[in-house]
Amino acid sequence: MLWSKLFIPTLRETPAEAEVASHQLLLRAGYIRQLSAGIYSYLFLAQRALLKIQKIVREEMDAIGGQEMYLPALNPAETWQESGRWDIMGDNMFRLKDRFGRDLCLGMTHEEVMTTIARGELRSYKQLPQIWYQIQTKFRDEPRPKSGLLRVRQFIMKDSYTFDMDQAGLDLAYDKHYQAYCRIFERCGLQYMIVEAHSGAMGGSQSHEFMVKSDAGEDFVAVCGSCGYSANLEKAAATPSVPAISDPEGDLSPEEFPTPGRKTIAEVAAFTGLPETSQMKSLVLVADGKPVLVLLRGDHQLSETKFGAVANDPEYRPAHPEEIREWFGAEAGSLGPVGVKNMPILADQALVGRRNMIAGANKDDYHLRNVTLGEDFQAEIHDLRQVAAGDVCACCGGVLDVVKTVEVGHIFKLGYKYSDSMGLRVLNAEGKEVTPIMGSYGIGIERILTCAIELYHDKDGMILPASIAPFDVVVTPANNADQAQMGAARKIYESCLALGLDAILDDRDERPGVKFKDADLIGPPYRIVVGKKLATGMVELVERKTKKTSDVPVAGAAAEVKARL
RNA sequence: CGGGCCGUGGCGCAGCCUGGCUAGCGCGCUUGCUUGGGGUGCAAGAGGUCCCGAGUUCAAAUCUCGGCGGCCCGACCA
C-alpha cells in the first residue's frame with residue numbers, strides 16, 4: 001500500500017488526556033480516536049493489527065476443535081433473568097427498551113445465549129462434547145473507563161463455551177483452552193503469566209487468568225520468584241511473615257490499660273512500643289444484614305474477596321459508626337474480641353498460635369494486653385487476609401512479590417451453574433436425562449494489542465511483534481525527488497509483496513526525517529531505506545527494535561526481511 | 001458513589017485572578033518558492049458558537065449560578 005493514499009493521522013504532540021504509554025501511542029500513531037468515554041473508533045492501523053490478532057485466535061481455536069459462531073449483542077431481558085444475572089450485573093450492564101417497552105440489554109458475555117442454543121438443540125450424549133466460540137463486541141458500562149483501550153465500555157472479545165458429559169470431559173476442554181491460550185499469547189509475542197484466579201460473578205470452580213505484567217494494569221498478582229507459584233491477589237494464599245517480636249510467654253489474663261486518643265494500629269504501636277504484628281486488628285462488617293467481627297494481625301489487610309466468600313455475601317459493607325457504638329459501646333479505634341457475645345467472630349489463621357496480644361477493650365481509649373485466641377475468646381478460623389509482598393510462599397518457602405498486571409485472558413470451569421438453571425439436559429448412554437457440564441473462556445482482543453504496546457515501545461513509538469504489527473516492513477525512499485531512489489523503492493516494495501510480506505511504501509513527498517519519525521511511531525518491525533548508497537547498489541535495512549542498520553543489496557532486500565521475520 | 005483537575009481553530013497551550021480594541025502563540029493545514037538522511041527555511045493564506053444555558057454589567061473567554069462533557073485518584077469491576 002502507498003502511504004500517500006492512506007489515512008494515518010499521526011500526531012506530533014501527545015493529546016493531554018492520554019496518560020499511559022499505549023494510549024498515547026495509539027493516539028499519536030493514528031490507530032484510534034475517542035468517540036466518548038471508554039468508546040473508541042479503530043482506524044485503519046488499529047483494525048489491521050486487531051485483524052491479525054483475531055486471525056491468530058481463530059487459527060488456535062479452530063485447532064482445538066472450536067466452531068465459530070456469531071451471537072447477538074442485543075439480548076432480551078428474559079434470557080438474563082433466567083440465569084439470575086439480570087439483577088446480579090446491576091449498573092454494569094447496558095439496558096434499553098424497545099418500542100413496545102420490552103427490556104433488552106447489550107451482552108457483557110454470552111453464557112446465557114449459548115446455553116439457550118444448547119438446550120434447544122442438544123439432545124444426546126452422542127452430540128457432546130462441543131466447543132463453541134465467537135469473536136464479538138461486548139458492552140460493559142464501566143463506572144470508570146480509563147487508560148485508553150485498557151478499560152473501555154465497548155470491546156472485542158473472543159469467548160468460547162464448552163459442553164461436556166462429565167467432569168473429565170470438562171477437564172479436557174479446559175486443558176485444551178489452557179494450551180490454546182498459551183499458543184495464542186505466544187504467537188502474539190506477549191510475555192505473560194498464568195495465575196490462579198477467583199471466579200467471581202461468573203460462578204464455577206477452577207479458574208486461571210492470563211496476565212501481562214504492566215504498570216498500566218489494575219490487577220495485582222502474587223508471584224513467587226523461587227517456585228513460580230502465582231495467583232491473583234484476590235485469591236493468593238501465603239504464610240505470613242514472622243512477627244517482629246515474639247509473644248510474651250505464659251497463661252496471662254487480659255489486662256486493661258489506658259491508650260488516650262490512640263485509635264489506629266500505628267498509633268497504638270507507637271504508644272505501647274510494640275510492633276503492629278503484636279496487635280489484633282478488629283473490623284466490624286455487615287454481611288447478609290448481620291454484623292460480624294473480623295480479626296486480623298495488626299499489619300495485615302483484609303481480603304475482600306476471601307471475606308465475601310466466607311460470609312457468603314460479596315455485597316457486604318463496613319458497619320456504620322453508630323452501629324459500632326450500639327453493638328460495642330465503643331468507637332472503632334478501641335474494639336476487640338474479648339467479651340463479644342452478640343455476633344460471630346471470624347479470625348484470620350495468622351492469629352492461630354499467637355499469645356498475649358494487644359486488642360481493643362471495647363471501651364473508648366482503652367486496650368487490653370495478654371489477649372489470646374482460644375483462651376480469652378473463641379472464633380472461627382479462616383484464611384481472610386490479603387497476601388502482601390514479602391510474605392512467605394506456601395509452596396516452597398520463597399519470598400512472594402506482588403506485581404501489577406493486565407488481564408488478557410480468563411478461563412473458567414463453570415460447572416452446572418447455567419446448564420442447571422436454564423434447563424440444559426441430554427440423554428446419556430443409559431437413556432437417563434443428565435445435565436451437561438460447562439466451561440467458559442475469554443480473551444480481550446484489544447488488550448493483546450494494548451499490552452504489546454505497553455510491553456514494547458520506546459520514546460519514538462511502538463515496537464510491535466511482527467505477528468500483530470499492521471505492516472511487516474515500510475519501504476522509505478530518502479529523497480522523493482530522486483527518480484532512481486523512488487524507482488528502486490517501488491521495485492523493492494513490489495518484491496516484498498511478491499514474497500507475501502505486508503509492505504507499505506512511504507511515497508509521501510516529505511522530508512526524510514518526517515518519514516523516519518512516522519515509521520518509528522507506527523511500529524513495523526523493519527524499515528528499508530533507499531538512499532544515497534543506492535549508487536553502490538545497496539539499501540539500508542533497519543530493525544525497529546534495536547535501530548540497528550545493515551546494508552543489503554537492492555535485489556536481496558525483500559528476501560532479507562522475509563528471512564528475518 | 002466520594003475527592004481532585006480540565007473544557008479557548010485539528011493538536012499542545014497562553015489569556016481568566018485584576019471584565020474593556022479586530023482573542024493570541026507554537027505545531028499542524030493550504031499555496032508558492034526552497035530544502036532533501038531524523039519533524040528544512042522563507043513568504044502569503046484558510047480556519048474560532050472561547051463546552052452549553054441563565055444571571056451580573058454600559059461591556060463577559062474573564063465574575064456568579066446551573067447543566068453537559070473529558071481526564072486522574074479512591075470505591076467498584078466476568
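Protein chains get the first letters and strands the later ones, always in sequence-line order, with residue 1 at the start of each.
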Q | Between P of B:rG38 and CG of A:Leu521, the distance in whole Å | A | 18 Å

**Q.** Nucleotide B:rG37, atom P - distance to CG of A:Asp482 in whole Å
**A.** 11 Å

Q: Under a 3.5 Å limit for both distances, which nucleotide forms a Watson-Crick or G-U wobble pair with B:rC25, could you say?
A: B:rG12

Q: Could you tell me whether A:Arg153 contacts a base, only the sugar-phosphate backbone, or nothing, with contacts defined as non-hydrogen atoms closer than 4.0 Å?
A: nothing

Q. Mapping A:Val529 and A:Asn92 to their closest nucleotides on RNA chain B, which lands nearer the 5' end?
A. A:Val529

Q) Roughly, in whole Å, what's the span from CD1 in A:Ile528 to C1' in B:rG37? A) 17 Å

Q) Between A:Gly148 and A:Gly442, which has a closest nucleotide on RNA chain B that is more 5'? A) A:Gly148

Q: Could you check which nucleotide pairs with B:rA46 in any of the strands shown, counting Watson-Crick or G-U wobble with both distances under 3.5 Å?
A: none

Q. CD of A:Glu19 versus C1' of B:rC5: gap in Å, rounded?
A. 11 Å

**Q.** Pairwise C1' distance for B:rG32 and B:rG70, with rounding to whole Å
**A.** 41 Å

Q: For A:Arg33, report the nucleic acid contact type (base, sugar-phosphate, nothing); a contact means any heavy atom under 4.0 Å.
A: nothing

**Q.** Rounded distance (Å) that lies between atom C1' of B:rC11 and atom CD1 of A:Ile8
**A.** 18 Å

Q. If you measure from the C1' atom in B:rC58 to the same atom in B:rC21, how many Å do you get, rounded?
A. 16 Å

Q: Answer yes or no: is there an ion pair linking A:Glu142 with A:Arg153, defined by an N-O contact shorter than 4.0 Å?
A: no

Q.
Students often get this wrong, so: under 4.0 angstrom with heavy atoms, is A:Tyr161 touching a base, only sugar-phosphate, or nothing?
A. nothing

Q: May I have the distance from A:Gln34 (atom CD) to B:rC71 (atom C1'), rounded to whole angstrom?
A: 9 Å

Q) For A:Pro145, which contact category applies under a 4.0 Å heavy-atom criterion: base, sugar-phosphate, or nothing? A) sugar-phosphate

Q: Report the base-pairing partner of B:rC5 (Watson-Crick or G-U wobble, both distances below 3.5 angstrom), or none.
A: B:rG70

Q: From the options B:rC27, B:rG38, B:rG36, select the nucleotide whose nearest atom is closest to the side chain of A:Arg12.
A: B:rC27

Q: Name the closest nucleotide to the A:Pro15 side chain, picking from B:rG70, B:rG36, B:rG12.
A: B:rG12

**Q.** Atom C1', compared across B:rC27 and B:rG41: separation rounded to whole Å
**A.** 16 Å

(Q) Classify A:Met93 by what it touches in the nucleic acid, base, sugar-phosphate, or nothing, heavy-atom distance under 4.0 Å. (A) nothing

Q.
Distance check, C1' atoms only: B:rG48 and B:rC11, in whole angstrom units.
A. 15 Å

Q. Rounding to a whole Å, what distance do you find between A:Leu27:CG and B:rC71:P?
A. 11 Å

Q: Classify the nucleic acid contact of A:Ser147 as base, sugar-phosphate or nothing, counting any heavy atom under 4.0 Å across all strands shown.
A: sugar-phosphate

Q. Charged N to carboxylate O below 4.0 Å: is that the case for A:Lys146 and A:Glu218?
A. yes

Q: Taking the six-membered ring of A:Trp80 (Phe, Tyr or Trp), confirm whether the NZ or CZ of A:Arg95 is under 6.0 Å from its centre and within 45° of its axis.
A: no

**Q.** Carboxylate-amine/guanidinium proximity below 4.0 Å for A:Lys547 and A:Asp460
**A.** yes

Q) Any donor-acceptor pair under 3.5 Å joining the side chain of A:Asp518 to the base of B:rG39? A) yes

Q: Establish, with yes or no, whether the OP1 or OP2 oxygen of B:rG70 is under 4.0 angstrom from a side-chain nitrogen or oxygen of A:Ser36.
A: yes

Q.
Suppose you measure atom P in B:rG3 against the same atom in B:rG39; what distance do you get, rounded to whole Å?
A. 48 Å

Q: In whole angstrom, give me the gap between the C1' atoms of B:rG45 and B:rG7.
A: 29 Å

(Q) Can you check the distance between B:rU62 and B:rU56, where both ends of the measurement are the C1' atom (answer in whole Å)? (A) 13 Å

Q.
Does either side chain, that of A:Ser4 or that of A:Asp507, offer a donor lying less than 3.5 Å from an acceptor on the other one?
A. yes

Q.
Between A:Phe44 and A:Phe7 (judged by ring centroids, cut-off 6.0 Å), do the two rings come close enough to count as a pair?
A. no

Q.
Regarding A:Asp458 and A:Arg544, does a basic nitrogen lie under 4.0 Å from an acidic carboxylate oxygen?
A. yes

(Q) From the set B:rG36, B:rG12, B:rG38, return the single nucleotide nearest to any side-chain atom of A:Ala16. (A) B:rG12

Q) From the list B:rG36, B:rC76, B:rG12, which nucleotide is the closest neighbour of the side chain of A:Asp509? A) B:rG36

Q: Would you indicate what A:Glu234 reaches in the nucleic acid, counting non-hydrogen atoms under 4.0 angstrom: base, sugar-phosphate, or nothing?
A: nothing

Q. Less than 3.5 Å between a donor and an acceptor, one on the side chain of A:Arg144 and one on the base of B:rG2, is that the case here?
A. no

(Q) Check whether A:Phe155 forms a cation-pi arrangement with A:Lys138 (NZ or CZ under 6.0 Å from the six-membered ring centre, at most 45° off the ring normal). (A) no

Q: Could you tell me whether the phosphate oxygens of B:rG38, OP1 or OP2, come under 4.0 Å of any side-chain nitrogen or oxygen in A:Lys517?
A: no

Q) Which value, in whole Å, describes the distance between the P atoms of nucleotides B:rA61 and B:rC51? A) 10 Å

**Q.** Nearest to side-chain heavy atoms of A:Lys146, which nucleotide of B:rG39, B:rG37, B:rC72
**A.** B:rC72

(Q) Regarding B:rG38, can its base be found pairing with the side chain of A:Asp520 as donor and acceptor, where the two atoms are less than 3.5 Å apart? (A) yes

**Q.** Euclidean distance, atom CD of residue A:Glu13 to atom C1' of B:rC25 [Å, nearest integer]
**A.** 12 Å

